[in-house]
Amino acid sequence: MAEKIFEPDLRVDLAGIALENPILAASGPFGYGHEYRELTGFKDLGGIIVKGVSLEPWAGNPPPRVAETPSGMLNAIGLQNPGLKSFLEEDLPRLRGPGPRLLVNVVGCTVEEYAGVASGLEGVEGIDGLELNISCPNVKAGGMAFGTDPAATGRVVAAVRRKTSLPFLVKLSPNVADIGAVARSAEEAGADGISLINTISGMLIDTAHKKPLLGNIFGGLSGPAVMPVALRMAWQVAEVVKIPVLGIGGITTADDALQFIMAGARAVAVGTGLFYDPHLPSQIKTGLLEYMKKEGLKNLHEIEGAARP
Amino acid sequence: MAEKIFEPDLRVDLAGIALENPILAASGPFGYGHEYRELTGFKDLGGIIVKGVSLEPWAGNPPPRVAETPSGMLNAIGLQNPGLKSFLEEDLPRLRGPGPRLLVNVVGCTVEEYAGVASGLEGVEGIDGLELNISCPNVKAGGMAFGTDPAATGRVVAAVRRKTSLPFLVKLSPNVADIGAVARSAEEAGADGISLINTISGMLIDTAHKKPLLGNIFGGLSGPAVMPVALRMAWQVAEVVKIPVLGIGGITTADDALQFIMAGARAVAVGTGLFYDPHLPSQIKTGLLEYMKKEGLKNLHEIEGAARP
Amino acid sequence: MSPGQSNMLPRPFSVYRADTLSGEISLLIEIKGKGTALLAETTPGVSLKLLGPLGRGFPDLPPRSLLVAGGAGIAPLAFLAASTAAPRTLLYCARSSEFLVCPDTDLDLPGLSVMEATDDGSRGVKGTAADLLSNRIEKAGAVFACGPRPMLAAVKEICSRAKIETWFSLEERMACGIGACVGCAVATTGGYRRVCRDGPVFPAEEVIFDG
Amino acid sequence: MSPGQSNMLPRPFSVYRADTLSGEISLLIEIKGKGTALLAETTPGVSLKLLGPLGRGFPDLPPRSLLVAGGAGIAPLAFLAASTAAPRTLLYCARSSEFLVCPDTDLDLPGLSVMEATDDGSRGVKGTAADLLSNRIEKAGAVFACGPRPMLAAVKEICSRAKIETWFSLEERMACGIGACVGCAVATTGGYRRVCRDGPVFPAEEVIFDG
Ligand SMILES: Cc1cc2nc3c(=O)[nH]c(=O)nc-3n(C[C@H](O)[C@H](O)[C@H](O)COP(=O)(O)OP(=O)(O)OC[C@H]3O[C@@H](n4cnc5c(N)ncnc54)[C@H](O)[C@@H]3O)c2cc1C
Ligand SMILES: Cc1cc2nc3c(=O)[nH]c(=O)nc-3n(C[C@H](O)[C@H](O)[C@H](O)COP(=O)(O)OP(=O)(O)OC[C@H]3O[C@@H](n4cnc5c(N)ncnc54)[C@H](O)[C@@H]3O)c2cc1C
Ligand SMILES: Cc1cc2nc3c(=O)[nH]c(=O)nc-3n(C[C@H](O)[C@H](O)[C@H](O)COP(=O)(O)O)c2cc1C
Ligand SMILES: Cc1cc2nc3c(=O)[nH]c(=O)nc-3n(C[C@H](O)[C@H](O)[C@H](O)COP(=O)(O)O)c2cc1C
Ligand code: FES
Ligand code: FES
């Protein structure tokens, strides 16, 4: 009896963005992609989410900006970026063309700044979607992030919705008590998808010098150490929204990616893992294909949310 | 020239509880202490915080209850315990006597239950203090933990304050956006100290069986993976309260303990680290003494909060 | 046993063989994941931290005992089998031949008969532990089993119908390993009990499998 | 270089020696923490993942150059010293003799004079890099330095007063190592710049030490 031979289909639709495979590069670690293009040629990535872009250039935080932690790292880059104009003129032209879908991570300190970046990216060729980073300090609310307040989240999402025809994800901060409430608020205000998590606030102290290790005192924890927290939040959000979820946080293996998909995520993004090995996305893709063949899966929708009761 | 020789003094006063050294066993991993007494004789511990005690016996969660994660673990014991009466009759008599100071971790689902346990422990010989675990589900508020709401925290703390003359710490949950607000609320309501952090909510999925790894779906993340988060919260709380802070979360080395003390903690407790090595407290004590000798410190107050600006 | 890595929980293993004269013990370890892989890489002469023996083992074997081992469940049963010379039978089962890891010579013991079964028939009889057991249960003095949950559930069913005294050695994920944390709980008719301290061996009738 | 452990950031090291014929490169590594300790345990024949060379190195050495190395800062300067035969002087400094790790024979190069200093006088002159440099700065063709921040700050001060062209190889904690994440930023007169891509070598006058 000849077994049916088929090649599993890795394609997924993430909030209207058609991805060749469900593995993305997370915003930040990947920069604007140029360096990784030289190194790995964007191989095996379904999409890339470029580093946060603000209306005006941001200088970033004083060094040291990164530190290693057990199975993870802290970063306090401070969203250093050359601003919207420079992104459009210098970075975007080099990113256009065939290859992974391109999402732009949008940052701001006020609702107007978010809306301004969205306007500036509207109708620009080569951009497939946006990701709103609402972990940014909300200057009007005394610096607490937009993402820690469902109402503020709703306002910033609605403002961006009015300015863009692109599909956009809202990227949630994990530093909240009720992630579901923030996600629902984003969905109601018009978001096309939820991506989560951003980094968890943390710090280390350099005991030899009796001072915080990072120049900014606080930084964001990421990497395998946080994966259980990220997975829990993906699970909780998939429970309360209908829009698709992009799982992020500590993913380094195909099994990690499968855990997020079985929790209800549509796709996954790899951040810190790229530092451990820039070829991680290829390894995850290979692992997913092997799993699908072994289990006889035609596509990943068959197991999306499969671990849910 | 003869150098002055002195033995550093490790004694600290934690909220009115005089500890021989600043290293405690965290509540839960240590059980009611009997097994560790057999193994290590409570050696080198300044204090022990026994496992959560509720008014009535609690059955706990369905297995599996524990899982390993990168540099950490998840647990969902569900606060299984034999209840106040059994604790007083079976466990406490075996714990009395010389040795580390004894703190009882108090759990409940309503304000009345917390107050009831505190009443039941009032005037009982051999107990040096209480630790209120307000990460427990608040049944009246739909199961969200007391510790995620400053007002609910205030109510439970005030109720316990009325029932006890013992010094008591309030143990905060890290699953909040603003830990300082909860800590201030606890201080205002009469707490003598703050201990933090409890575990961070997380989960894992067993992809081979397409279901959550833990019987309870969600569990609490602990261990070195969470230390940067715990340290950040200890720093933030020490900034806004005057009562002493007990630092907990991922501590496995003397350097970890020093980071908490330099962040502003008075003492530290070791939980998950006891699983890696039950002799960890002794190693930390030795490391602290070596550090103090090298730096010429007479006591740890000299460096309490030393990393703060 | 701690795989010598920091930031890892200890791993529980059964005693496979013990030489009371030399004081040597042997373990039989199946490579399952990170910890057992690290242990497998260990070279002779390296010292490992080991805590034990812990918990309560099997009671003495009555004559005509049946020992049912599934996969790595062979370890405690091989140890048990070596504790007497009375006639006894070992039913040794696994998914396929490569999971029957125990060397034949270690099971060449006076008075011990060994029957093997694999799900795919790659060694011994094609079938499960339940198949082997059903045919032999009537005359058994007692049954002792260790292996995957579904196997134990099937064993329990067969033995309770035949009213034969049965003991299980259970596995559960552990943290402290000494009885303090209640992490290794299993559901029993007496509530949740600790595999590491109250077990790992429990009377089969007390164990609840769907709990 | 990745210490071969998963869940660890890569570690940056300078090229210490390179043999263009055999294609071999050497690194000189001071054991500082977890990653370097793991690298030190590595046995011959083990393959390690290595990405490089990265960033921009030193410009060519003019005659009468002074090379100032503090501790492990010797690695890139030993490499630089071997790039020419013109007369040049290496000022090699550390806290005490055990931190002067570079083998003498590796510094036995035509045209190179070596002066050593230690803070505690346990080898060479008792004093700092600044002490050695102050006495020699006037006739220097250029200065090239690598070492701890306070040393570089002192070197910058001396060289700017003497108006001598000066280059620093800087260290900062890194994540990607290829210029993508802006994790390794250092404050310069042109804003934050990346040690891994824009450096590690920067003109001294551009580097801001209290930034
Ligand atoms: C009482 C008892 C006796 C055992 N005796 C033996 C034996 O003699 N020989 C043998 O090969 N195996 C035995 N096991 C199973 C063995 O403990 C696991 O296979 C082993 O812990 C897997 O570790 P790992 O790091 O390779 O797997 P990983 O999957 O990487 O481990 C991750 C975590 O899961 C836990 N875990 C995974 N599988 C099991 C399991 N089946 N039981 C308990 N915890 C698990 C690990 O301890 C660890 O904390 C026994 C288990 C118990 C509870
Ligand atoms: C451009 C450059 C070139 C270097 N060349 C050399 C060399 O040739 N020889 C040598 O011995 N050392 C060199 N160093 C320093 C070396 O990278 C660190 O000593 C090493 O990373 C410490 O790693 P660890 O795991 O032992 O220390 P840990 O303290 O365990 O490391 C924890 C984290 O801190 C980072 N870190 C710690 N110290 C430093 C440091 N001084 N610079 C950057 N990151 C650090 C590590 O990379 C890691 O991410 C260089 C650093 C840079 C930036
Ligand atoms: C160095 C670094 C820079 C980051 N910059 C951004 C950013 O610009 N915008 C953003 O939304 N998230 C940023 N993040 C967060 C990541 O995109 C990701 O959400 C987080 O790191 C968790 O995933 P990981 O564990 O795979 O890294 C950054 C993370 C790191 C480590
Ligand atoms: C198995 C286990 C059981 C726990 N039980 C309790 C408990 O009963 N009451 C409580 O307040 N905290 C409990 N905790 C939380 C710990 O006391 C501690 O706050 C947390 O684990 C972080 O510290 P660690 O990283 O050193 O473990 C438990 C933790 C673990 C791992
Ligand atoms: S593992 Fe802690 S009680 Fe058994
Ligand atoms: S380490 Fe990422 S830019 Fe230098």
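Because the structure is predicted, anything quoted here is derived from the model rather than measured. Throughout, protein chains are lettered first and strands after them, A, B, ... in sequence-line order, and every chain is numbered starting at 1.
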Contact class of B:S201 relative to chain A, heavy atoms under 4.5 angstrom: both
Partner chain A: residue of B:I261, B:T148, B:D255 with the largest heavy-atom pair count (under 4.5 Å):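 Of the options given, most contacts go to B:D255.
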Steps toward side chain to side chain contact (heavy atoms under 4.5 Å, CB included) verdict (A:W235, B:I205): CA-CA 10 Å; A:W235 174 284; B:I205 285 175; 4.1 Å; yes
Segment of B:L258 engaging chain A (4.5 angstrom heavy-atom cut-off):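 For B:L258, backbone and side chain are both near chain A.
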Interface moiety of B:Y291 toward chain A, non-hydrogen atoms closer than 4.5 Å: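 Answer is side chain: those atoms of B:Y291 sit under 4.5 Å from chain A.
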Residue selection (most heavy-atom pairs with chain A, distance under 4.5 Å) from B:P70, B:P309, B:A225: B:P70
Heavy-atom contact with chain A under 4.5 Å, split by part of B:I179: neither
B:L204 portion near chain A, given a 4.5 angstrom heavy-atom threshold: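 Contact with chain A involves both backbone and side-chain atoms of B:L204.
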Partner of B:V229 under side chain to side chain contact (heavy atoms under 4.5 Å, CB included), chosen from A:V226, A:T69, A:I200: A:I200
Residue, of A:A67, A:G72, A:P212, A:A145, that accumulates the most heavy atom pairs under 4.5 Å with chain B: A:P212
B:L231 side, atom CG; A:L74 side, atom CG - distance, nearest 0.5 Å: 9.5 Å
Gap between atom OG1 of B:T207 and atom CD1 of A:I303 - 0.5 Å precision: 8.5 Å
Main-chain N/O of A:M203 paired with B:R232 side-chain donor or acceptor, under 3.5 Å: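 Flag not set: sc B:R232 to bb A:M203 has no pair under 3.5 Å.
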Side chain / backbone / both / neither for B:I217 at chain A, heavy atoms under 4.5 Å: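 Contact with chain A is through the side chain of B:I217 alone.
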